[in-house]
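Below: one structure, written as structure tokens.
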Amino acid sequence: RVLTRRAGVFVVSDFQSPDFLDRLRIIKRRHDLIPVWVRDEREQRLPAARFVELYDAELGRRVTVDLSRRSARLAFENDAARRRDALRDALRRIGVDVIEVQTGASFIEPLRRFFRQRGVRR
């Protein structure tokens, strides 16, 4: 069903799929868009392990990575930080405030902080 009146729209996602920004812009035109970004620490930092098999979406195949090398873990962390910053910048350019929540952690405090900050600005 299509919303005909202005509404608050929460989009809960990890924002990993491509081409979501255009859809968010469309929602933002008509509604109060509130993205809730669900993050997982395991997507930001890899453990110091020996060999790990990962799926490389760009190559479309599984690759084996030696995580015992600090340089491999650091490269992954740097890439994750770059992607995280790029997403924050993209959401800022759209003109939305984002709620960031972590898997395995309470979402209550991020929600409180968001609505407290929003209340101060209005």
Given side chains that start at C-beta, do those of Arg25 and Lys28 come closer than 4.5 Å, heavy atoms only? no

Grab the two heavy atoms, one from Asp14 and one from Trp37, that are nearest each other, plus how far apart they are. O-NE1, 3.5 Å

Is any side-chain heavy atom of Val36 closer than 4.5 Å to a side-chain heavy atom of Val101? yes

Quick check against the 3.5 Å criterion: does His31 have a side-chain atom that pairs as donor or acceptor with the backbone of Ala7? yes

Hey, does Gln117 have a side-chain heavy atom less than 4.5 Å from the side chain of Asp97? no

Quick one: do Arg39 and Glu43 satisfy salt bridge (Lys or Arg N to Asp or Glu O under 4.0 Å)? Show the steps, please. CA-CA 8 Å; Arg39 296 180 39 213; Glu43 294 174 344; over 6 Å; no

Can you confirm whether Leu111 sits close enough to Arg116 that some side-chain heavy atom of one is under 4.5 Å from a side-chain heavy atom of the other? no

Val12 versus Val38: any side-chain heavy-atom pair under 4.5 Å? yes

Residues 72-82 side chain polar contacts: donor-acceptor under 3.5 Å, at least two apart:
from	atom 1	to	atom 2	distance (Å)
Arg73	NH1	Leu67	O	2.5
Arg73	NH1	Ser68	O	3.4
Asn78	ND2	Leu74	O	3.3
Asp79	OD1	Arg82	NE	3.3
Asp79	OD1	Arg82	NH2	2.6
Asp79	OD2	Arg83	NE	3.1

Ser106 side, atom OG; Arg112 side, atom CZ - distance, nearest 0.5 Å: 8.0 Å

Could you tell me whether Arg45 and Asp40 make a salt bridge, using a distance below 4.0 angstrom between a side-chain N and a carboxylate O? no

Considering only heavy atoms from C-beta outward, does the side chain of Leu33 approach that of Val11 to under 4.5 Å? yes

Is any side-chain heavy atom of Ile99 closer than 4.5 Å to a side-chain heavy atom of Ile34? yes

Residues at least two apart in sequence or cross-chain that pass ring pair (Phe, Tyr, Trp, His ring centres under 6.0 Å) with Phe20, listed by chain then number, are Phe15

Using 0.5 Å steps for rounding, measure from the CZ atom of Phe10 to the CD1 atom of Ile27. 13.0 Å

Shared ILVMFWY cluster between Ile108 and Phe114, side chains joined below 4.5 angstrom? yes

Under 3.5 Å, side-chain donor or acceptor atoms of residues 85-94 against the rest of the protein: list the pairs with distances, not counting sequence neighbours.
from	atom 1	to	atom 2	distance (Å)
Arg88	NE	Glu100	OE2	2.9
Arg88	NH2	Glu100	OE1	3.0
Arg88	NH2	Glu100	OE2	3.4
Asp89	OD1	Arg92	NH1	3.0

If hydrophobic clusters are built by linking Ile, Leu, Val, Met, Phe, Trp and Tyr wherever their side-chain heavy atoms come under 4.5 Å apart, do Val65 and Leu59 end up in the same one? yes

Kindly give the heavy-atom pair with the smallest separation between Val52 and Ala49, and that separation in Å. CG2-CB, 4.1 Å

Would Asp66 and Arg50 pass as an ion pair if we require N to O under 4.0 Å? yes

Got a sec: does the CZ of Arg70 have more than 12 other heavy atoms crowding it under 6.0 Å? no

